[in-house]
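Report on one structure; see the data block that follows.
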Amino acid sequence: ETSFWAMTMCDKFIISSSSLSLAAYYFRNNKNAKDTLRMVEFALTNSNKGDDTYALSQRAQLYLSQKKFALAKLDLDELLSIDPNSPQGLGVMSAWHNEQGQFDEGLKYAEKQMAAMPTMWYAYYNKADSLIGKKIEAFDAYEAGLKLNPTRPFAYLEAGDYFFSRKNQ
């Protein structure tokens with residue numbers, strides 16, 4: 001148990017010292033909200049706008065997963081004021097709208113994300129998630145995303161989940 005704790009602390013130190021935004025991503029994906037927020041705050045204290053947009057995106061995604069829509073929107077507004085064409089920001093804004101049932105708005109942001117970076121596979125997933133009731137168009141969007149990144153196994157699960165959860169829509 002001590003060695004596991006030591007390794008975890010060592011991992012946190014190495015990741016935190018290499019890139020604050022990367023650390024925020026690591027902690028968010030490991031369901032560690034406290035350290036995610038701590039790393040985002042540190043990242044926002046430097047003068048690197050690229051770091052800021054990535055950190056704001058990480059925090060907005062964390063807030064979105066916690067259903068804290070108002071806090072997520074504040075970060076997204078700030079992010080998009082720094083870089084209105086940020087593919088990450090546009091994608092998270094699409095998800096923000098979709099999570100609240102505003103699928104037409106979600107679709108607009110997904111299409112902006114696709115225009116900003118047409119080779120970004122997850123932009124197509126955001127588009128598909130926005131296409132409630134339009135199964136053929138949603139399927140086409142997922143298929144386009146899968147063609148861009150065919151080796152990502154989770155993508156197939158996401159596409160399947162989309163269709164199974166909406167079988168009556």
Side-chain angles (χ1 to χ4, degrees), residues 5 7-132 141 145 148-149 152 154-155 157-159 161-162 165:
W5 180 85
M7 284 186 348
T8 302
M9 295 310 293
C10 183
D11 287 348
K12 284 183 177 183
F13 175 75
I14 290 168
I15 290 169
S16 299
S17 63
S18 64
S19 166
L20 298 170
S21 294
L22 176 62
Y25 173 81
Y26 171 85
F27 291 129
R28 185 178 61 80
N29 282 335
N30 284 286
K31 311 278 190 260
N32 184 336
K34 179 182 168 192
D35 283 333
T36 299
L37 294 173
R38 186 171 56 85
M39 290 298 107
V40 166
E41 292 303 322
F42 282 129
L44 294 174
T45 61
N46 69 21
S47 60
N48 183 335
K49 292 297 181 192
D51 242 12
D52 289 356
T53 58
Y54 191 72
L56 289 165
S57 169
Q58 292 303 311
R59 189 166 65 187
Q61 289 177 67
L62 174 67
Y63 288 149
L64 191 56
S65 73
Q66 297 172 337
K67 306 292 186 206
K68 295 179 179 178
F69 297 115
L71 291 173
K73 184 70 163 65
L74 289 172
D75 283 345
L76 290 168
D77 288 345
E78 185 176 349
L79 187 164
L80 292 172
S81 74
I82 296 168
D83 182 359
N85 296 312
S86 164
Q88 268 189 309
L90 295 168
V92 179
M93 186 64 91
S94 174
W96 185 86
H97 284 289
N98 290 341
E99 283 290 317
Q100 297 178 85
Q102 303 165 357
F103 299 108
D104 290 339
E105 284 299 308
L107 181 59
K108 288 178 190 175
Y109 279 96
E111 289 175 341
K112 288 179 183 181
Q113 181 187 28
M114 291 167 62
M117 190 171 272
T119 59
M120 183 181 286
W121 56 269
Y122 57 85
Y124 296 86
Y125 295 3
N126 286 334
K127 179 179 180 178
D129 289 344
S130 301
L131 293 167
I132 295 297
L148 290 170
N149 191 7
R152 185 175 178 264
F154 193 66
L157 295 173
E158 289 176 16
D161 180 56
Y162 174 85
S165 68

| task | Using the test side-chain contact (heavy atoms from CB on, under 4.5 Å), find all partners of Asp83 that sit at least two apart in sequence or belong to another chain. | result |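 Partners of Asp83 by the side-chain contact (heavy atoms from CB on, under 4.5 Å) criterion, ordered by chain and then number, come out as Thr53, Asn85, Ser86.
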
Closest heavy-atom contact between [X] and [Y]?
| X | Y | answer |
| --- | --- | --- |
| Trp96 | Phe69 | NE1-O, 2.9 Å |
| Gly89 | Leu76 | O-CD2, 3.9 Å |
| Pro87 | Met117 | CG-CB, 4.1 Å |
| Asn126 | Asn98 | O-ND2, 3.7 Å |
| Ala95 | Leu64 | CB-CD2, 3.8 Å |

Cut-off 3.5 Å, no hydrogens considered: what does the side-chain donor-acceptor table look like for residues 104-111, sequence neighbours left out?
{"residue": "Glu105", "atom": "OE2", "partner": "Lys108", "partner atom": "NZ", "Å": "2.9"}

Using 0.5 Å steps for rounding, measure from the [atom1] atom of [X] to the [atom2] atom of [Y].
| X | Y | atom1 | atom2 | value |
| --- | --- | --- | --- | --- |
| Leu90 | Lys112 | CG | NZ | 7.0 Å |
| Leu79 | Gln58 | CG | CD | 10.5 Å |
| Asn149 | Tyr124 | CG | OH | 12.5 Å |

| Side chains of Ile82 and Leu56 in contact at under 4.5 Å (non-hydrogen atoms) |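 The answer is yes, as the side chains (C-beta and beyond) meet within the 4.5 Å cut-off.
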
| query | Any chance the side chains of Gln61 and Ser65 put a donor and an acceptor closer than 3.5 Å? | reply |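 Judged by distance alone, the side chains do not pair up.
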
| salt bridge (Lys or Arg N to Asp or Glu O under 4.0 Å) pairs, two or more places apart, involving residues 61-74 |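 Listed once each, the pairs are Lys67-Glu99, Lys73-Asp77.
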
